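Note that the structure is predicted; figures quoted are calculated from it, not measured.
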Amino acid sequence: MRLIVNGEDQDIASQTLAELLISLDYEGDWLATAVNGEIVHRDDRAAFDLNDHDRIEILSPMQGG
Amino acid sequence: MLELYGAKVSSRLLLGTARYPSPAILADAVRVSKTEILTVSLRRETAGGKQGGAFFQMIRDLGTRILPNTAGCHTASEAVLTAQMAREVFGTNWIKLEVIGHHDTLQPDVFALVDAARILCADGFEVFPYTTDDLVVGEKLLDAGCKVLMPWCAPIGSAMGPQNIPALRSMRAHFPDVPLIIDAGLGRPSHAALVMELGFDAVLLNTAVAGAGDPVQMAGAFANAIEAGHSGYKAGLLEPRDMAVPSTPIIGKAVFS
C-alpha cells in the first residue's frame with residue numbers, strides 16, 4: 001500500500017495506524033497522529049484502517065517559542 | 001499573582017524553549033529566571049520517535065506549566081489540527097495560537113486567527129492568541145472566547161522593542177481586566193521593563209534570551225526587569241511634564257542678598 005508518511009512516499013504493508021507506527025519503529029506516549037488532515041487519537045489507532053494514498057502525520061514535542 | 005485561565009503564577013516571564021545553545025543552558029535559564037510557563041511546539045518525528053521524547057522528558061523534569069504553540073501554521077485549519085494534536089501530546093487545554101499571515105514580518109493573519117480561536121474555544125481549549133495591538137481584533141478574540149490576549153510589540157525575533165507605544169497604552173486602557181502578555185519583538189531587559197510599566201501583565205520571550213551571549217544571565221536580567229517594571233506600574237508612575245519642579249522645598253530658603 002502506498003502511504004505518504006510525514007511527507008515521504010512509502011510502500012508499507014500495515015493495515016492499521018497502530019501497525020504502521022510499530023513497523024516504522026515509532027514508540028512512546030508523546031506522539032500525535034493525523035490522517036488526511038484529521039486527528040487520530042492514541043486510543044483509536046489500533047482500529048483505524050489505512051487506505052492507499054493516505055497522508056499520515058506523526059508529530060512529537062520539540063523546542064518552540 | 002498573575003491568573004491565566006484560573007492558573008495562578010508568580011513569575012510574569014513566559015519563556016520559549018527554542019534556539020538555546022544546549023538543553024542544559026535552557027534548563028539553567030528556566031531555573032535562574034524562575035519562569036513557570038514554557039512554550040513548546042510539535043514537529044514531524046523521524047522514524048524511531050526518540051528525539052521528541054527526550055526533549056519532552058527534559059521539559060517535564062523542569063516542572064513548569066507547558067504552553068504548546070501552533071507556530072508555523074498559515075491557515076485556521078492547520079492551526080486547529082495542530083492544537084488538537086498538541087492537546088493529545090501535552091495533556092493541556094492551553095494553546096498559544098499562532099496563524100502566520102506574512103512570511104517576512106511573521107505578523108498574524110488576524111482573520112484566520114479569530115476563526116481558529118472561535119473553533120478552539122468551542123472545543124474546550126484555553127487559547128492564548130498571538131495577535132497585533134489592534135483593539136477591534138482584540139474584541140473579536142474575546143468574543144470568540146479568549147480570556148487572554150498576546151499582542152506583538154515588534155516582529156518575532158527582531159529585538160526591536162516596542163514600536164507603537166501609544167497603541168499599547170490604548171490596549172491596556174481598552175482591556176483593563178484582560179491579562180495582556182507581550183509576545184514577540186523584545187530585545188533588551190529595558191524593553192521588558194517599559195511594557196511592564198505600561199501595565200502589561202507579563203512578557204513572553206525566546207530569542208532575546210536564547211540568542212544572548214549568556215542566555216542564563218540574560219534570563220535573570222529579564223526576570224529582574226519585568227519585576228521592576230511591574231512594581232513601578234503598581235506604585236503609580238509620574239507622568240512627564242515640560243517644566244522643572246524643584247525637589248527641594250522653597251519655603252524657608254535663606255536669602256543672602
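Among Gly65(A), Gly37(A), Ala34(A), the residue making the largest number of heavy-atom pairs under 4.5 Å with chain B is Gly65(A). Among Gly16(B), Ser41(B), Gly91(B), the residue with the largest count of heavy-atom pairs under 4.5 Å with chain A is Ser41(B). The choice from Thr17(B), Thr207(B), Leu15(B), Leu67(B) that makes the most heavy-atom pairs within less than 4.5 Å of chain A is Thr17(B).
Every side-chain contact (heavy atoms from CB on, under 4.5 Å) that Arg118(B) has, sequence neighbours left out, goes to Val114(B), Asp115(B), Ala144(B). Under the side chain to side chain donor-acceptor pair (under 3.5 Å) criterion, Ser190(B) pairs with no residue, sequence neighbours left out.
In this structure, Leu149(B) CG and Ile182(B) CD1 are separated by 10.5 Å, a value rounded to the nearest 0.5 Å. If you take CZ on Phe125(B) and CD on Gln84(B), they are separated by 6.0 Å, rounding to the nearest 0.5 Å.
Looking at Tyr20(B), there are no atoms closer than 4.5 Å to chain A (heavy atoms on both sides), in backbone or side chain. Leu42(B) touches chain A through backbone and side chain together, each having a heavy atom under 4.5 Å away. Gln57(B) does not touch chain A: none of its heavy atoms, backbone or side chain, sits under 4.5 Å away.
Annotation: side chain of Leu21(A) is in contact with side chain of Thr33(A) (closest heavy-atom distance under 4.5 Å).
The local environment of CZ in Phe111(B) is sparse, with at most 12 non-hydrogen atoms from other residues, nucleotides or ligands closer than 6.0 Å.
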Open item on the list: side chain to side chain contact (heavy atoms under 4.5 Å, CB included) for Arg19(B) and Gln63(A)? Distances and angles first, verdict last.
Closed with: CA-CA 8 Å; Arg19(B) 297 175 174 269; Gln63(A) 296 84 348; over 6 Å; no
(request) Run the numbers on Arg87(B) and Ile39(A) for side chain to side chain contact (heavy atoms under 4.5 Å, CB included), then give the verdict. (result) CA-CA 11 Å; Arg87(B) 179 159 68 180; Ile39(A) 188 168; over 6 Å; no
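Using cut-offs of 30° and 60° on the angle between ring planes, the pair Tyr130(B) and Trp152(B) is perpendicular. Taking the six-membered ring for Trp and thresholds of 30 and 60 degrees, Phe128(B) and Trp94(B) have ring planes inclined between 30 and 60 degrees apart.
At a heavy-atom cut-off of under 4.5 Å, chain B is reached by Arg45(A) from residues 43-51 of chain A, listed in order of number. Within residues 1-14 of chain A, the residues approaching chain B closer than 4.5 Å by heavy atoms are, in numerical order, Asn6(A), Gly7(A).
For the pair Asp109(B) (side chain) and His74(B) (backbone), a donor-acceptor distance under 3.5 Å is absent.
With Glu36(B) as the fixed residue, the side-chain contact (heavy atoms from CB on, under 4.5 Å) test singles out one of Leu2(B), Leu13(B), Leu62(B), Val9(B): Val9(B).
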